[in-house]
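First comes the structure, then the notes that go with it.
To find a chain, count down the sequence lines: A is the first, B the second, and so on, and within it residues start at 1.
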Amino acid sequence: MKGHYRFGEIEKKWQRFWEESKTFKAQDCDDSRPKYYVLDMFPYPSGQGLHVGHPEGYTASDIVARYRRMKGFNVLHPFGWDAFGLPAEQYAIQTGTAPEETTQRNIANMRRQTKSLGFSYDWDREVATTDPKYFKWTQWIFLRLFNSYFDQAEQKAKPIDQLPIPEGLSGAEKKKYIDDHRLAYEAEVPVNWCPELGTVLANEEVIGGLSERGNHPVVRKPMRQWMLRITKYAERLLDDLAEVDWPYSIKKLQTDWVGKSVGADVDFALDGFDETIRVFTTRPDTLFGATYMVMAPEHPLVDKIAAEDKKEAVDKYRTQAARKSDLDRTDLAKDKTGEPIGALAINPVNGEKIPIWISDYVLISYGTGAIMAVPAHDERDFEFATKFNLPIIPVVEPDRQTALALPIPTDYSYDGPIGERVSIEEWSAIADSIIKEVKAGRAPFTRPVPQKLEGEVARLVADDSVAREEISMRMRDCAIISQCNAGEGWAINSGQFDGLSTAEFKEQIADWLEQKGLGKKSVNYKLRDWLFSRQRYWGEPFPILHADDGRVMALSEDDLPLELPVVEDYRPIGTGEPPLANAVDWVNVTLGDGSKAKRETNTMPQWAGSCWYYLRYLDPDNDRQGWDPEKEKYWMGDVGVDLYIGGAEHAVLHLLYSRFWHKLLYDLGYVSTKEPFKKLINQGMILGEDGQKMSKSRGNVVNPDKVIADHGADSMRLYEMFMGPLDAVKPWNMQGVEGVHRFLQKLWRLIVDKDTGEIDNAVKETEADEATLRLLNQTVKKVGDDIESFGFNTAISAMMIFVNHLTRLTVVPKAVVEKLVLVLAPFAPHIAEELWEKLSHAESLAYESWPEYDEKLVKEKEIELAVQVNGKIRDKIVVAAGASEEQIKQQALSSGKVAIAMRGEDPKKIIVIKSRLVNIVV
RNA sequence: GCCGAAGUGGCGGAAUUGGCAGACGCGCGGGAUUCAAAAUCCCGUCCUGGCAACAGGGUGAGGGUUCGACUCCCUCCUUCGGCACCA
């Protein structure tokens, strides 16, 4: 049976052909064609190999790449390996196998798997982040960070030698000043230290305060770390999101991660001390409601101002708080803890003395590490105040709708120095007095009535709506006090500011504070500087030397790459020093002047290599530069990477870090766009056949090698695209693979004679009939449109419909199947090439023009319209495509079924939607 | 708790963005072919009633807007993903 669809042979044949002919080699700087850069998020080469989730994104990007080539674009479609990573290091610790070796083996296997799917990558541009020829430039970019500072006024990075240095600094001060402005700097920051394992753990390796492996306790321990000043770019990272075409949800995630809040810094004087405490608040309009102050336990001023008799309690609380990991803190979020420190702050707006507490719900790392607490209008402060019986003063009156939604107070009371004591028992008395006032003729108010009061007083003022309103006005403070209201509204209890809206108040109080020298407008971000060092072996070494005299020196560019030393033992040494500290010969360096220095023994995190790989693809073999500026200009053009496809798990960190590095490179003139990735698409996760996440322990992992062996790469590609929308989470179904495989079989049999393997006799050089021609044009249009809008599943469906149509014909016009083969090619390239060859074309179809369609032939000649009577379909009519509204009306009314449904009544209105339906309203 | 996405046949999913709900595929039922099977082809397949023509119901639940709602608005429920005291 010569003519069977032998996908195995065909796929190998064409993969070899593409590889040998370098069919997909991208031409640098070819100005004769528009460029198109399609990028996949490169994978970590794991020992598990490829899983079926990988080819989903890769197939989608490959379809676009192949489609764009046929549309005449010069396409850059590269691939590579994010090859540094923990698993290889863990394997090294367990077995002694060098991570380099493991990594090479895994890359070889995954490269084989990736190639077996027939993706049109330009393999000549393959990169691996672990290759010294690659990480030389990762280190080079680090040096750019180290040797740059951020000019606040111009909002951009500049070379450090342009940093203006204040007059009169000593040599040491000057050096410190410079170091304090570098975008890469060293700092003592707390990390997850596991004494038992003698190592530092990543956050995800710590579960409930214990190490993931071995369940040993983990503590926060300050250690010297490299940090990157990403926070300097916070504003630009937010602003430039407007320039990119990304899913809304990803933009939102990034926005929230940066976490900009606008508010004011306010200085509170201390009773009995010269110092002031600065707080940051987004609600300066609630200053009059600040009834106490909270400082983070770690706040440096605490020691100084704590009262003698409180010191012991304060110390105790601090040690407790220090022992909590970040996780513990959040676990205990519900139950607030704290300790008064016996000092008073003075509220600058009204001179009230308010107590100062410490509590771990205030973070030292955000804002100023101290807050003014406004329990009436902040959930956390409210919780704290009710627990510790602190006063609550409402200073914002919610609008009517919000007030109505507030539950009625039950038994809340407090004994604070400010504000009145309120309890449910007193309500009747208050209500009585209100009613008296109302009867005395006070003006009406538009306030809601607390429901619980209604029963008691409604009787008295049954027919007096004015009274009801008045009562509710008087009760509002009770309602507000009993419940925290974080919303906006109008100022009350706020002196001369009463009556202002929240927005107006914020404006005015900021000016007022500034005038009095008590505060100013201020902006804060959640974003923190990037902890950029790891105590690991398998990562990029820092190109940094620590001289014995304390100087920190960068290697010169000529000394790059700084390669990893060969070591015997991949474990960290017990002190917490990274494994590189074991490599004594590597670590110790004699400088040109004979003095000694030690190399940095931390390594860079996995993010480093993936931050800029899209640039290395532009010029992967360049050993003089990270990339050639001309090539960068050509491929990155005005918009950067045209299409970037990858998993949503990188929505925040990878994309944010990449954007940060790109902006630095932009500031220094190495790249020509503000943003690296113009359009971003996330592929959704593929679940196992049981609808669960694929995992070895569940035994529901689908092996791509097996799918390809059983059904072929084309079927695999087609199925992954046919499953549903690219970004949806969807379960695998092996019978679905067979379904698309049958489609390819059907197409094959349509064109190839099963005995001879030649073109089937039914395929003839002949004119297509009208219906076939119309469907062909519709299919070509649909497939093209769907590729452009990433609707691959419906594109495949359209091709299936067309193939089903063709199989019913006795004679199949050759020109028609040729176009079909061309539109199928991006999806199932192997079978398409084979059929194209059988249709007697000597050249690969990879650069064949995408078929044109004729808009006139896409349109139907006759259209079936649904006829509704009062919105219910009663009949269908067929009209000519160009029929007028009047003609359609007449034809609709002449239907017998319609007449019955109308029951003899006259049409009140007839709605005609051309090419859709007619609705007769009676 | 907050934020984001999504709920459509037995299953994956379509629906020109307010206009014939269920395209296409899977599965299932029936038939053809075959000594038989696989493969292939044809017919059927949202639910209820009916031999049928047909009638009624139907897109997580309830309400609303509209001649007309899977699509827009309000309330609620469920699932998935992210964040976690950020003042």
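Taking atom CD of residue A:Gln683 and atom P of nucleotide B:rG81, one finds them 16 Å apart after rounding to whole Å. Taking atom CD of residue A:Gln254 and atom P of nucleotide B:rC83, one finds them 13 Å apart after rounding to whole Å. Remark: C1' of B:rG4 and CD1 of A:Ile250 are 10 Å apart, rounded to the nearest angstrom. Whole-Å rounding puts the A:Met721 CE to B:rG13 P distance at 14 Å. The distance from atom CD of A:Glu649 to atom C1' of B:rG81 is 11 Å, rounded to the nearest whole Å. When the P atom of B:rA14 is taken as reference, atom CE of A:Met723 falls 12 Å away, rounded to whole Å. When rounded to the nearest whole Å, the span between NZ of A:Lys251 and C1' of B:rC3 equals 17 Å. As a whole-Å value, the separation of A:His741 NE2 from B:rC26 P is 12 Å.
The shortest distance between side-chain heavy atoms of A:Glu689 and A:Asn700 does not fall below 4.5 Å. Within the 4.5 Å cutoff, the side chain of A:Leu237 has heavy atoms near those of the A:Ile230 side chain.
Sorted by first and then second residue, the pairs that involve residues 723-751 of chain A and meet ring pair (Phe, Tyr, Trp, His ring centres under 6.0 Å), not counting sequence neighbours, are A:Tyr5-A:His741, A:Tyr5-A:Trp748, A:Phe7-A:His741, A:His711-A:His741, A:Tyr719-A:Trp732.
Here B:rA14 is the nucleotide among B:rC85, B:rG25, B:rA14 with the atom lying nearest to any side-chain atom of A:Thr794. The side chain of A:Lys730 approaches B:rG12 more closely than any other nucleotide in the set B:rA87, B:rG12, B:rC54. Here the side chain of A:Tyr248 is nearest to one of B:rA55, B:rA23, B:rG4, namely B:rG4. Nearest to the side chain of A:Ser249, among B:rG4, B:rG81, B:rC67, sits B:rG4. Side chain of A:Gln735, nearest nucleotide from B:rA23, B:rG13, B:rG27: B:rG27.
Residue contacts for A:Lys781: at a heavy-atom cut-off of 4.0 Å it reaches no nucleic acid atom on any strand shown. Residue contacts shown for A:Lys872 are limited to sugar-phosphate atoms, with no base heavy atom under 4.0 Å away. Nucleic acid contact for A:Lys526: base, since at least one base atom lies under 4.0 Å from a heavy atom of the residue. Across all strands, A:Arg528 comes closer than 4.0 Å to base atoms (heavy-atom distances).
Across B:rU17 and B:rG13, the matching P atoms stand 23 Å from one another, rounded to whole Å. Between B:rU8 and B:rU79, the distance separating the two C1' atoms is 15 Å to the nearest Å. With C1' as the reference atom, B:rU75 and B:rC80 are 22 Å apart, rounded to whole Å. Across B:rU59 and B:rA21, the matching P atoms stand 12 Å from one another, rounded to whole Å. Look at the C1' atom in both B:rU66 and B:rA52: the space between them is 37 Å, to the nearest Å. One P atom belongs to B:rC70, the other to B:rC20, and the distance between them is 10 Å to the nearest Å. Atom name C1', nucleotides B:rA14 and B:rC51: the rounded distance is 33 Å, in whole Å. A distance of about 33 Å separates the P atoms of B:rC72 and B:rC54, rounded to the whole Å.
In terms of position on RNA chain B, the residue among A:Met685 and A:Ser365 whose nearest nucleotide sits closer to the 5' end is A:Met685. With the nearest nucleotide of RNA chain B identified for both A:Tyr719 and A:Glu738, A:Tyr719 has the one nearer the 5' end.
A salt bridge is absent between A:Glu339 and A:Arg318; no separation between the charged side-chain nitrogens and carboxylate oxygens falls under 4.0 Å.
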Symbol by symbol from the 5' end, with Watson-Crick or G-U pairs under 3.5 Å, [ ] crossing and | another strand, RNA chain B is (((((((..(((......[....)))((((((.......))))))((((....))))..(((((..]....))))))))))))....
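A perpendicular orientation is assigned to the rings of A:Phe827 and A:Phe792, their planes being inclined by more than 60° (bins at 30° and 60°). Taking the six-membered ring where the residue is Trp, A:Phe288 and A:Phe505 present tilted rings, their angle falling between 30° and 60°. Between A:His650 and A:His654, the ring-plane angle classifies as perpendicular under the 30° and 60° cut-offs.
By the 6.0 Å contact criterion, NZ on A:Lys387 is enclosed, its count of non-hydrogen atoms from other residues, nucleotides or ligands being greater than 12. The environment of A:Lys693 atom NZ is sparse: at most 12 non-hydrogen atoms of other residues, nucleotides or ligands sit within 6.0 angstrom.
Shown here are the salt bridge (Lys or Arg N to Asp or Glu O under 4.0 Å) partners of A:Asp378, two or more places apart in sequence or in another chain: A:Arg380. A:Tyr366 meets the ring pair (Phe, Tyr, Trp, His ring centres under 6.0 Å) test with no other residue; sequence neighbours excluded.
The cationic atom of A:Lys336 (NZ for Lys, CZ for Arg) lies less than 6.0 Å from the six-membered ring centre of A:Tyr361 and within 45° of the ring axis.
At least one donor-acceptor pair closer than 3.5 Å links the side chain of A:Tyr317 to the backbone N or O of A:Asp360.
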Query raised in the report: Does the pair A:Asn524 and A:Ser261 meet the rule for a side-chain hydrogen bond (donor to acceptor under 3.5 Å, both in side chains), with working shown?
Result: CA-CA 5 Å; A:Asn524 265 283; A:Ser261 20; over 6 Å; no
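One can find a donor-acceptor pair under 3.5 Å joining the base of B:rC85 and the side-chain atoms of A:Lys336.
Taking syn as a glycosidic angle within 90° of 0, B:rU17 qualifies as syn. Shown here, B:rG9 is classed syn by the O4'-C1'-N9-C4 or O4'-C1'-N1-C2 angle, which is within 90° of 0.
A sub-4.0 Å separation between OP1 or OP2 of B:rG25 and a side-chain N or O of A:Asn793 is absent.
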Produce the list of close N/O pairs, under 3.5 Å, pairing protein atoms with atoms of nucleotides 36-45 of chain B; give distances to one decimal.
residue, atom, partner, partner atom, Å
B:rU40, O3', A:Arg749, NH2, 3.3

Between the protein and nucleotides 17-22 of chain B, which nitrogen or oxygen pairs come in under 3.5 angstrom?
residue, atom, partner, partner atom, Å
B:rC20, O2, A:Lys876, NZ, 2.6
B:rC20, N4, A:Glu864, O, 3.1

